[in-house]
Protein chains: 2
Amino acid sequence: MAKELTPRSENYSQWYNDLVVKADLAENSAVRGCMVIKPYGYAIWEKIQRQLDQMFKDTGHVNAYFPLFIPKSFLSKEADHVEGFAKECAVVTHYRLKKNPDGSGVIVDPAAKLEEELIVRPTSETIIWSTYKNWIHSYRDLPILCNQWANVVRWEMRTRLFLRTAEFLWQEGHTAHATKEEAEEEAVKMLNIYADFAENFMAIPVLKGVKSAKERFAGAVETYCIEALMQDGKALQAGTSHFLGQNFAKAFDVTFMNKDNKQELVWATSWGVSTRLMGALIMSHSDDDGLILPPNLVPYQVVIVPIYKSDEQLKDIDAKVDTIVANLKSLGVSVKYDNTDNKRPGFKFAEYELKGVPVRLAIGARDLENNTVEVFRRDTKEKETRSLDGIEQYVKDLMSDIQSNIYKKAFDYRSSVTREVNTYDEFKEEIEKGGFLLCHWDGTTETEEKIKEETKATIRCIPLEGDKTPGKCMVTGMPSKQRVVFARSY
Amino acid sequence: MAKELTPRSENYSQWYNDLVVKADLAENSAVRGCMVIKPYGYAIWEKIQRQLDQMFKDTGHVNAYFPLFIPKSFLSKEADHVEGFAKECAVVTHYRLKKNPDGSGVIVDPAAKLEEELIVRPTSETIIWSTYKNWIHSYRDLPILCNQWANVVRWEMRTRLFLRTAEFLWQEGHTAHATKEEAEEEAVKMLNIYADFAENFMAIPVLKGVKSAKERFAGAVETYCIEALMQDGKALQAGTSHFLGQNFAKAFDVTFMNKDNKQELVWATSWGVSTRLMGALIMSHSDDDGLILPPNLVPYQVVIVPIYKSDEQLKDIDAKVDTIVANLKSLGVSVKYDNTDNKRPGFKFAEYELKGVPVRLAIGARDLENNTVEVFRRDTKEKETRSLDGIEQYVKDLMSDIQSNIYKKAFDYRSSVTREVNTYDEFKEEIEKGGFLLCHWDGTTETEEKIKEETKATIRCIPLEGDKTPGKCMVTGMPSKQRVVFARSY
């Protein structure tokens, strides 16, 4: 076939890049670190957006939009926050170009220098909390449950399509609450929505946990996260939800009159997922022939390819397929009929396998005679010839089958590479094999940093669920409250 | 009532600003020229997006996403384009901040200067055509029909919420075609979609036309536009669709192999509408009491307010309303039941009038006894008491009634202030009264500029439909091909 991928066993990282580009998901642009999301990739992102947006709205959230730019001084108002974000940001310093006096193109007009530089938002806590100050006066104004879909920029030096790009698309929720309890509840609620979405739509099993102090969001009191495991044994942080305490309320002086007529600082959360999810989706399920996508998020679930030798045959097949397409649509199954005549069936087969279409139906002249159809499912690569009677319901049922099958496969893989490790020597050996290692840790940043330096492994999370038995740190022997999850990560 | 607006007759411009802010649509942010779109305003924008997006997809377009940043040198590649956009753009010159050595906040790190400055996109023709170069090789790769929903930045000096902001949200379609005819057809097709959307969803009558050379998009061969008329007699350009010829293909060297095996330059269009439509929507229909919104784009079409003196009464009303809400929803009518107990009914009434909810139902204890309800429609301010029997269907029918009524009102107003003017003296008098003036013009930029300088009126468009009788220019007496539309504009 025309578009061969580097096999995963040979070079996993190259396989990923090949796949993203050859399946028409995204490509690098002329601007360093920024990607172009191509129509097929964007169609998947739109499905992700629609579903998450609905889940946010169903839990009382509303969308809004805040400025792209953040005044430089705003970033400095929260001490940890500026530490985390000042190092890699795009800075706007001027607002005009002018003709180059030497006649070649345009240059920055030095007369158009901004009094205060503007930062292209790397995240919006500061600009949003400066706005909330005007929205919040009394407990009656709370809670505020806003989300925004936006682009953000973090000047990453080493970028990879979807996984780490200078500009990326995301949603960021920013909520304001009257009490600590309510804000904490919100942070956990959103964590659960992300986990629900990852497992039931992306078909990716995730661990729910909290980050260690070192890995916490810059400005957060507690960072909740979902962690996924890719096929190469590396972890990927798929979403975070932060309990921000009163840090941003303090920084921007946002107080409210409580029911007892006293001024109090407001409590906050923020939570986000990004186009990074696309990377997780691709890496969790796909194989050396291309994408494997969950039916719940795929641009179209079924492709139908006609096999014919004459226009006459094609006409007969078209007529039959029209009915199948209509029936599938009425069952809520999305379908594409590809009867273009500039590619041979074998080429089309390979193309739709590459693009991860869950089910392919192939119908030829003989099938019409026999009232049959060839059904191919992408996840297992099983092929069977079936009667056309009831084919639509069969295909619809296949969708939930495929959805759970690819989840199960990812779940079984994760289980197979998740294990307890008790000594640091064992850890050093095991970490080379990848996967999640459950280990006792003494809770100090020193130990965490030593492990990272020596093994490149980080604490992915302190799990919220599962075994909570205390023990002794594998490195220092000091007391450990519970096992935590280590891995190398994206 | 708490939130009084400046009456239109007193100060139309102040009325508009009051309304945008008090109806919770948008507000100015801490960043000069950038607005915050508040949840109620954003909910309307989402309706606009959903509908347009569907119309684009129904006509074969797909969404994609291109970088926020444009290398400075790209802007210069198309000579007219850089003239149009270099004067007002945000320029990124650095990619890092560092601690101020004096300890106060952060400063731009001079060591992190970009080799080539990046422009925050004011529009994306250049970055997109540099990308299309790699996508297009043969006629088989054409047409490309991409759209993107994005934010753009134009450094406007005088800004107004929605109408003119430094950052705004929009969609920009960018298509590539094998022939001139096909590209021209696409530009007109999108113009018609915009007109259809304006008239049938926004309830705003629009004139379809082409721009004069002077008012054309920088880089276009022909700019098609829809022009609307606001209640103060000023015009507002509500959408544009550009036939770009081969200008951007030339600038970025984008050629394709045609069916005769010859290399040809690709033909292009681009088309866009923005959050400026929100300004048009607000100004077309609203009155001194607040917004009047078309049912087809309103966040919720009906609000129900209970009138009660005791919890007992409220409980009975709640039960009755639950059924009405369910019935309305099943008829596809969106509805909000506001039984919050911290505001009096009169306050709620004013609030929902301000927010432009098309229909309000008020139900009290006596209504329950009599099986009646008070129905108030926002557009005409008519109030009537009706039987609850069949109220849901009645309300549903009211929606299409209101939708056409506000369109008709806007249409009649426009007709009343659209007139032919034949001499320049008359023109100078009439232009003070506002409205569309249909005049003969000699087709020269000189005359157009003279008129603008002396009267502040511009040619809004050369209409595609209507009277095409030739005549003589009202200023110079030179031949005129047809009357064109003059107005003062936003």
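No hydrogens, no waters, no symmetry mates; every other heavy atom, side chains included, goes into these values. What you see is a predicted model; the values in this text were computed from it and never measured. Chain A is the first sequence line, chain B the second, and so forth, proteins listed ahead of strands; every chain is numbered from 1.
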Check: Val106(B) main-chain N/O paired with Lys72(A) side-chain donor or acceptor under 3.5 Å: yes
Heavy-atom pair count under 4.5 Å with chain B, highest-scoring of Cys34(A), Cys146(A), Ala86(A), Ser104(A): Ala86(A)
Under 4.5 Å from any heavy atom of chain B - which part of Phe74(A): side chain
Interface residue of largest heavy-atom contact number with chain B, from Val91(A), Leu114(A), Val92(A), Thr131(A), under 4.5 Å: Val91(A)
Under 4.5 Å from a heavy atom of chain B, the part of Glu116(A) involved: neither
Check against side-chain contact (heavy atoms from CB on, under 4.5 Å), Leu97(B) and Lys87(A): CA-CA 6 Å; Leu97(B) 299 173; Lys87(A) 278 163 208 150; over 6 Å; no
Side-chain ion pair, Arg32(B) and Glu115(A), N-O less than 4.0 Å: no
Inter-chain contacts: residues 154-165 of chain B against chain A, heavy atoms under 4.5 Å: Trp155(B), Met157(B)
Point-to-point distance, once rounded to the nearest 0.5 Å, from OG of Ser29(A) to CZ of Phe69(B): 10.5 Å
Set of residues satisfying side-chain contact (heavy atoms from CB on, under 4.5 Å) with respect to Phe56(A), sequence neighbours excluded: Leu52(A), His61(A), Asn147(A), Trp149(A), Gln171(A), Met190(A), Ile193(A), Tyr194(A), Trp271(A)
Close side-chain approach of Val36(B) to Trp135(A), heavy-atom, < 4.5 Å: yes
Which portion of Asn100(A) sits near chain B, non-hydrogen atoms under 4.5 angstrom: neither
Per-residue contact mode, Lys77(A) against chain B (heavy atom under 4.5 angstrom): neither
Engaged part of Lys57(B) at the chain A interface, taking heavy atoms whose separation is under 4.5 Å: side chain
When Glu88(A), Glu117(A), Arg140(A) are compared by non-hydrogen pairs under 4.5 Å with chain B, the top option: Glu117(A)
For chain A, the option from Cys89(B), Ala30(B), Ala112(B) that forms the most heavy-atom pairs under 4.5 Å: Cys89(B)
Heavy-atom contact with chain A under 4.5 Å, split by part of Asp53(B): side chain
Among the listed options Asn134(A), Val31(A), Ile37(A), the residue most often paired with chain B at heavy-atom distances under 4.5 Å: Ile37(A)
Closest-packed option against chain A by number of heavy-atom pairs under 4.5 Å, given Ser76(B), Ala43(B), Ala64(B): Ala64(B)
Residue pair Leu169(B), Tyr65(A): steps toward the side-chain contact (heavy atoms from CB on, under 4.5 Å) verdict: CA-CA 9 Å; Leu169(B) 304 184; Tyr65(A) 188 78; 3.6 Å; yes
Region of Ser73(B) in contact with chain A, defined by heavy-atom distances below 4.5 Å: neither
Atom group of Asn342(A) that falls short of 4.5 Å from chain B, counting heavy atoms: side chain
Which atoms of Ile128(A) approach chain B - backbone, side chain, both or neither, heavy atom under 4.5 Å: neither
Main-chain N/O of Pro67(A) paired with Glu167(B) side-chain donor or acceptor, under 3.5 Å: no
Per-residue contact mode, Gln148(B) against chain A (heavy atom under 4.5 angstrom): neither
